[in-house]
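These notes are about the structure you will find just below.
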Amino acid sequence: MANQPAYSAWFESLANPAEKHGLDEVIYTDAEGGLLQVRHDMDALKQKSADEWKQLFDDRSHRTKWPYGSGVWGKKEWVLPEVRDENVVSMYEGHTNLFWAERYGRELGLDDLWLKLCGNTHTGSFKDLGMTVLVSMVNEMRARGQEIRAVACASTGDTSAALAAYAAAAAIPAMVFLPRGKISTAQLIQPVANGAIVFALDTDFDGCMEIVKQVAEKDGIYLANSMNSLRIEGQKTVGIEIVQQFDWEVPDWIVIPGGNLGNVSALAKGLDMMLELGLITKKPRIVCAQAAEANPLYRAYQTDFKVFEPIAARQTLASAIQIGNPVSYAKAVDAIERYDGIVEQATESELAEECARADRTGLFNCPHTGVALAATRKLVEAGTIKKSDRVVVISTAHGLKFTDFKVRYHEMTLDGIESENPNPAIDLPADYDTVRDHMLREIDRRFGS
Ligand SMILES: *Cc1c(COP(=O)(O)O)cnc(C)c1O
C-alpha cells in the first residue's frame, strides 16, 4: 500500500474554479451564492488504468469487507476518499437490481427496456446513495472534534427518511422539515420511527427549504439537502453501477425523473468520471422526466434553456418531485446539454395510467417512476427512441411507499383520473358456489378468448 497515491477531493465553485474549500468546511454555496461541486484529484485516479478500476470495483461488490461491499463505498476513491473506513455510515446501499422488463417493454414497443430499481434499498429510495456520503462526512468531522449539533433537511419525503435512518445509525441528532399533508404515510412514519425531530409545516417543499436554510445559516445546523454537493457524490454511483451491471457497456438511453434536479446532475457526473478515466468511450443520451404540474426544467427546455423561471409547483401525485424552484437547475442544464439530453413531461393522468399499465406486467412503480415511464412511451411514439435501443429507466423509489396512491387508483377515487385499469378486490361471502361463480366469470373476462 506504500505506493498508493493520496486520493483527494474538495469543494469547488461551479462558476469560479479558483474558489476551493475543504470537504470538512461547513459551506454550501460559493462566495457569490452559487452552487459548489466536489472535485477529485483526477491525476491521482489516472494512475490506475481503466481495467484496474473495473477489476477493483467488481471484486469488492456485494462482499462484506467494511465498507467496500456497499455500491457507493466500493467506489470510495471516486466518492469520498478521505473519510476513514471506521467513520463511514453505511447500510450497504446501492447494488440495486437492474432487470430486463420484457413484457412491459414489448407493450411500449421496445425490445431492450431495463429498469434500475433504486427503491430496493434501506429506506426505499435512491436518496440512500447520497445520504450515506453526507452523514459519513459529518461523522468524520465529529470524530475529528468539529462541533456539529445536528443535521437537518427539508424534504418531499424520501430525503428525510434517508437522513433520519443514517443519522440514527451514527447517533447524530437529525431534524426534518416536511410539507404538512403533502407526503405519503409511509414517508412520514420513517423519520418518526427513526427518532428524528419531525416538523410538519403548513407550506410546500419550497417553503420548508426556506426555513431549513435559515436554520443552517443562523443556528449552525448542518444542511443535508442536495444543495450540499456531498450527496451528489454518492448519487453519481447510479450511472457507474448501471454500466458495471452491463459488464461495462453503455446503454443508449437513461431516463430519470427530476424535481430538485440533483439526481440528473449526479447521473451525468458519474458518467463524466468514467469517460475521463477511460472506463467508457460512448455516452448514453439522458432524458429527464418531469410532472407537468411541476415542470420548470421542461419549460426552460422549450426555450433552449434561454429562459428559466421558478414556478409555484402545483399538486402532483409524484409528490417527491413537486418542486418549482430546483436547486440544481444549472447543473441539470449542463448535464442535459452534454449528454444530448431531452426533457419530457407527463400529466397526472398519464403518470397514473402508466404506473397501472406497468404494474400489470409485474412491476410495482412509484408515481415518479410513472412519470419516467410515461415520458419513455412518448419518446418511443415520437420515434425518438428506436425499438432496438437499449433503454434504462431509473425507478427512484419503492412502490410500497406510495400505497395511498395505488389504493385510490384502484378504488377509482383519484381526482381527475379515469383509472383505465382498476382492479379492486372482490368482496364476497365465504360461500363456495358464490366464489365459483365469480371465479369463472373473472377468468373468462380477463383471460378468455
Ligand atoms: C428525490 C426524488 C426524486 C427527484 O430527485 P431530484 O434530485 O430532486 O431531481 C425523484 N423520485 C423520488 C422517489 C425522489 O425521492
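Atoms within each ligand, like the ligands themselves, are counted from 1 in listed order.
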Original post:
Taking atom types as modelled and ignoring hydrogens, do the side chains of Y409 and E353 form a donor-acceptor contact shorter than 3.5 angstrom?
Top reply: yes
Original post:
So which protein heavy atom does atom 5 (O) of ligand 1 come closest to, and at what separation?
Top reply: F126 CZ, 3.5 Å
Subject >> Sub-4.0 Å heavy-atom contact, S226 with ligand 1 >> reply: no
**OP:** Around atom 11 (N) of ligand 1, find the nearest protein heavy atom and jot down its residue, atom name and distance.
**Re:** T396 OG1, 2.8 Å
Original post:
Does the side chain of Y28 come within less than 4.5 Å of Y222's, by heavy atoms?
Top reply: yes
Subject >> Distance filter under 4.0 Å to G262 heavy atoms, resulting ligand 1 atoms >> reply: 6 (P), 7 (O), 9 (O)
Original post:
N/O of A320 under 3.5 Å from N/O of ligand 1, yes or no?
Top reply: no
Subject >> Protein contact of atom 8 (O) of ligand 1 - nearest heavy atom, named by residue and atom, plus distance >> reply: N260 N, 2.8 Å
**OP:** State whether E107 and R357 are salt-bridged, where the test is any N-O pair (Lys NZ or Arg NE/NH1/NH2 against Asp/Glu carboxylate O) under 4.0 Å.
**Re:** no
**OP:** Please name the pair of heavy atoms, one in L317 and one in E348, separated by the smallest distance, quoted to 0.1 Å.
**Re:** N-OE1, 2.7 Å
Original post:
Which atoms from ligand 1 have a heavy atom of D158 less than 4.0 Å away?
Top reply: 12 (C), 13 (C), 14 (C), 15 (O)
Original post:
For atom 1 (C) of ligand 1, what's the nearest protein heavy atom and its distance?
Top reply: K127 NZ, 1.4 Å
Subject >> Cationic N near anionic O, under 4.0 Å, K378 to E381 >> reply: no
Original post:
Can you tell me which residue and heavy atom of the protein come closest to atom 7 (O) of ligand 1, and the distance to 0.1 Å?
Top reply: N263 N, 2.8 Å
Original post:
So, does K127 use its side chain to make a donor-acceptor pair with the main chain of S160 at under 3.5 Å?
Top reply: no
Subject >> Where ligand 1 meets I321 - atom numbers and elements under 4.0 angstrom, heavy-atom basis >> reply: 3 (C), 4 (C), 10 (C)
Original post:
For ligand 1, which atoms sit closer than 4.0 Å to a heavy atom of G258?
Top reply: 9 (O)
Original post:
Does any donor atom in the side chain of Q290 or N295 lie under 3.5 Å from an acceptor atom in the other side chain?
Top reply: no
Original post:
So, K76 and D85, do they make that salt bridge, N to O below 4.0 Å?
Top reply: yes
